[in-house]
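Everything quoted here is computed from the prediction, not taken from an experiment. Every chain is numbered from 1 and lettered A, B, ... according to where its sequence line falls, protein lines coming before strand lines.
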Amino acid sequence: MAIAATIPSAQFQGLRPVDAQGLTKKIVEPILKTENLWKLYRAGKVEVPALRGVNFSVAPGESVAVMGPSGCGKSTLLYTIGGLASASRGTVLVDGNDLATMSDAERTKLRRSKIGFVFQRFNLLPTMTAKGNIAIAQYIHGDGFDPHRFDVVTKLLGLEGRLNHKPSEMSGGEQQRVAIARAIINEPKILLADEPTGNLDTKNSDIVLEMLRQLNKELGQTIVMITHNPEAVTYFDRVVHMRDGVIVDGIPAD
Amino acid sequence: MMGEMILRNLVHRPIRTFIGIIAIAVEVALVVLIVGLTSGILSETAKRVEGVGADIMLQPSSAGVIIGMSNSPMPVKIKNRLEQLQYIQSVAPVLLQFNSSGGVELVYGIDKSFDEVSGGFVFLQGRNLQEPDDMLLDDLAVQSKHVQVGQKLRLFNHDWNVVGIVEHGKGSRIFVPLSTLQELSGATDKASLFFIKCTRPEHTDDVIAQMKTVFPNYTIRAIREYVSLMTSTSVPGLNAFVDAMIGLAVCIGLLVIFLTMYTTVIERTRDIGVLKSLGANSPFIVRAVLYESAMLCAGGILAGIGLSYALRAGFLRAYPTLSILITPEWILRAAAIALFGAVLGASYPAWVASRKDAVEALTFD
Ligand SMILES: Nc1ncnc2c1ncn2[C@@H]1O[C@H](COP(=O)(O)OP(=O)(O)O)[C@@H](O)[C@H]1O
Ligand SMILES: [Mg+2]
């Protein structure tokens, strides 16, 4: 734990060793950090805790896979750190901003500039072409259409020939690549992916995982991905395991 | 970008879009035609009175703006006293009679002095009134009655000989001799109104001033004043009726837009979640729904304008004497009313859309 000394102590107080281990490779402030994060869902009159004190942090440029049994709170964690859902307790720091203290509108604004989402079910707008689906993200981001960035991203994801197709005219693998393009078109600080290969066959899964790996290794894109795919371990820097709403360990991938 | 998204959404559901457009089109056409019909009839009536060519009109004290609504004719001999006033060129007594069998028509009973005031009819066929049973029709009345010069026409239980067809625009569409009409209606030596022509139009105000001292108990109006009074406001209840009809039309548009947009928002729950995940805020979602409804409405307005003209053409073909006035002003107003209704109708769906929970929306099936 020699490296621990170089970490600003105040910043990391309360971190469990597993998290500190994950940060040993990068001696910088985490881009994402949760402290004692709780999320309660209200089901009728009872409150169901989906997250029960999650401590989790991700360094810039890191790629982290989150694994765990169904219903353990993985999606909830992802939505909460992405600002789609509000935290019930604890803190969520994204690039230094505490989402837990923010209003809905403020979280939306932060999400717009710093977060990219990829979902298991692709979630492309069905009436728009691939190009439209990517461009709408640029439009919402507010910088208008940036042709250069658009070209770079679509080339990277091998979408050049598919841009004028609608989701219904594309394979699952292609749709997910469009979704990834849409998620990274505005250069988010963090890419959050919820089982992005869950609806894909092995071949397309491998393509998508490889692309995420490239994004991480070549562009330095920070990625947090939920997956059930054991192979994902080989593509990512680190794997985090969740159970019953808490993170139970953190094992460096290498 | 938002425009493209909205257009694609509208195209994606052609039947729903079509129904929305039709509803707005019906709304716009209803407004344009109801207003067009009332103002058309009123302005056409006003124009015909103006077309007589008189400067002043004298009516019984109880006379409203709508001619012939009063049933208390005046003695014809008033004419003699009028003719003694200064600056008066000619005076034409007219007895009005409504024929309400097969539509309401105003029949003018006139004598030779009507020509002096009006400068004479323009004859398209035939000749002027001479015999007691003669009748003149204007060209539009001829079209709707399907009669010709030389034929007989039964009116007020009396057989008339159609002796001439005149150009429309001089007071009425049907003219008969004053004395015959007086006899038939039991109003011997009576007249419903007097048209007065001054020696020069500039004398109108002077003449009216004189007349008011001599006939303090009568309604005396300059024709130009009469024409300006001939709007829906001078007919009791008409404005309220028109407003109620417009309100009904707006309700149709509003309800259909509400349902259309509400269904759309429910159907696109997941898309709304996607937009939110991309960072779209509530105003963005609200705008997207309102713009979509406005775009639908714009299509409906265009269709509605077309529908208005088509319906008017159809009605005028079937009923040549009908007058429907479609003005740019009222097209714009109908458009504004429709747009207002559409935005109002879409505002609740827009609010619902903007309030959707992003996570629930994203997992919606
Ligand atoms: N909207 C919700 N309302 C109530 N309970 C929910 C809601 N979403 C998730 N949960 C519950 O929270 C727990 C975690 O769910 P989730 O984060 O989706 O798990 P995972 O993604 O790991 O399968 C589960 O027990 C689930 O039933
Ligand atoms: Mg999940």
Applying side-chain hydrogen bond (donor to acceptor under 3.5 Å, both in side chains), can you list everything that pairs with A/Asp151, at least two apart in sequence or on another chain?
none
CZ (B/Phe315) with more than 12 external heavy atoms under 6.0 Å
no
Hey, what do you get for OH (A/Tyr79) to CG (B/Leu362), rounding to the nearest 0.5 Å?
5.5 Å
What part of A/Ala135 gets within 4.5 angstrom of chain B, counting heavy atoms only: side chain, backbone, both, or neither?
both
Pull out the residues in residues 3-24 of chain B that come under 4.5 Å of chain A, heavy atom to heavy atom, sorted by number.
B/Glu4, B/Met5, B/Arg8, B/Asn9, B/His12
Residues of residues 326-360 of chain B with a heavy atom under 4.5 Å from any heavy atom of chain A, in residue-number order, are B/Ala358, B/Val359
Begin with the C-alpha distance, continue with both residues' side-chain angles, and end with the deciding distance and a verdict on side-chain contact (heavy atoms from CB on, under 4.5 Å) for B/Met1 and A/Ile140.
CA-CA 9 Å; B/Met1 194 69 229; A/Ile140 291 171; over 6 Å; no
Just to be sure I understand the criterion: a residue of residues 266-279 of chain B counts if one of its heavy atoms is under 4.5 Å from a heavy atom of chain A. Which ones qualify?
B/Arg270, B/Asp271, B/Val274, B/Leu275, B/Lys276, B/Ser277, B/Leu278, B/Gly279
Contact part of A/Phe145 toward chain B, heavy-atom cut-off under 4.5 Å: side chain, backbone, both or neither?
neither
Applying a strict 4.5 Å limit to non-hydrogen atoms, the region of A/Lys166 in contact with chain B is side chain
